[in-house]
Amino acid sequence: MTLDDVVLRRATASDAFAAADVWLRSYTAALPTVRRAHTDDEVRAHFRDVVVPARETWVAELDGSLIGVMVLADSLLSQLYLDPGWRGRGLGDRFVALAKERGPDGLELWTFQVNGPARRFYERHGFVAVAYTDGHDNEENEPDIRYVWRPDS
């Protein structure tokens, strides 16, 4: 299967658990040193009760299976997680292009400082680091970075 076979679409209620599972697999693979603030079941419930019904949630689907999830909340790109086997294959690029279409006036996001691959990815897509924290305001207590993208930058 290739990237051309992947469909990006809005998530439905029936996608919530599969989207949460993509998040869980991705987080575990990409952030092995970062403490998770919630159990697997709490993450799944959050996707079911909050993320999918109350946020602009997009999924990447391939042959009936979800392999990526992106969540927008106004100008905040709050989540972008890919199944580990799909990292580095252009799927994240497609999600960011979609996010920029949905937020043409600009976007912001947060990522952990320790997540070098994500930082390089977002910087390659024109996001600029504007704030660094010691992690006191996030549930993981992990130092993070706020990135901003503006269409004129």
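These values consider heavy atoms only, across backbone and side chains, with no hydrogens, waters or symmetry-generated copies.
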- Message: To check you understand the geometry: which heavy-atom pair defines the closest contact between L72 and A99, and what is its length?
- Response: CD2-CB, 4.0 Å
- If you count the non-hydrogen atoms of other residues, nucleotides and ligands that lie under 6.0 Å from CG in D49, is the total more than 12? yes
- Which distance, rounded to the nearest 0.5 Å, do you find between the OG of S26 and the CG of L80? 8.0 Å
- Quick one: side-chain hydrogen bond (donor to acceptor under 3.5 Å, both in side chains) pairs with a partner in residues 52-71, sequence neighbours left out? R9-E61, E56-W58, E56-R102
- Note on the structure: Sequence neighbours excluded, the answer for side-chain contact (heavy atoms from CB on, under 4.5 Å) partners of E42 is H38, T39
- Could you identify which residues cluster with L76, counting Ile, Leu, Val, Met, Phe, Trp and Tyr as linked when any side-chain heavy atoms lie under 4.5 Å apart, either directly or through a chain of such contacts? W110
- Message: The criterion is ring-ring contact (aromatic ring centres under 6.0 Å, His included); which residues satisfy it with H46, sequence neighbours excluded?
- Response: none
- Note on the structure: Smallest heavy-atom separation, L98 atom then M70 atom, equals CD2-CE, 3.9 Å
- For Q113 against D144, the heavy-atom pair lying closest together: NE2-O, 3.2 Å
Indicate every side-chain donor-acceptor pair of residues 82-91 with a distance under 3.5 Å to a residue at least two apart or in another chain.
{"unit_1": "D83", "atom_1": "OD1", "unit_2": "R25", "atom_2": "NE", "d": "2.5"}
{"unit_1": "D83", "atom_1": "OD1", "unit_2": "R25", "atom_2": "NH2", "d": "2.7"}
{"unit_1": "R89", "atom_1": "NH1", "unit_2": "G85", "atom_2": "O", "d": "3.2"}

- Would you please name every residue forming a salt bridge (charged side-chain N to carboxylate O under 4.0 Å, His left out) with R35, sequence neighbours left out? none
- What is the ring orientation for W149 with F127, classed by angle as parallel under 30°, tilted 30 to 60°, or perpendicular over 60°? tilted
- Item | Connected hydrophobic set around V50, excluding itself, where side chains approach under 4.5 Å | none
- Go through the structure and list residues passing salt bridge (charged side-chain N to carboxylate O under 4.0 Å, His left out) with E142, not counting sequence neighbours. none
- salt bridge (charged side-chain N to carboxylate O under 4.0 Å, His left out) partners for D93, two or more places apart: R124
- Looking at side-chain heavy atoms only, is the closest gap between T111 and R119 below 4.5 Å? yes
- ring-ring contact (aromatic ring centres under 6.0 Å, His included) with F121: which residues, sequence neighbours excluded? H125
- Task: Determine the minimum heavy-atom distance between P151 and P104, stating which atoms define it.
- Result: CG-O, 3.1 Å
- Message: Apply the hydrophobic cluster definition, ILVMFWY joined by side-chain contacts under 4.5 Å directly or through others, and give me every member besides V114.
- Response: V22, W23, L24, Y27, L31, V34, V43, F47, V51, V59, L66, V69, V71, Y81, F112
- Closest contact, heavy atoms only, R94 versus V6: NH1-O, 3.1 Å
- Message: Show the nearest heavy-atom pair for residues A29 and P32, with the distance to one decimal.
- Response: O-CD, 3.7 Å
- Item | Contacts of D40 that satisfy salt bridge (charged side-chain N to carboxylate O under 4.0 Å, His left out) - sequence neighbours left out | R36
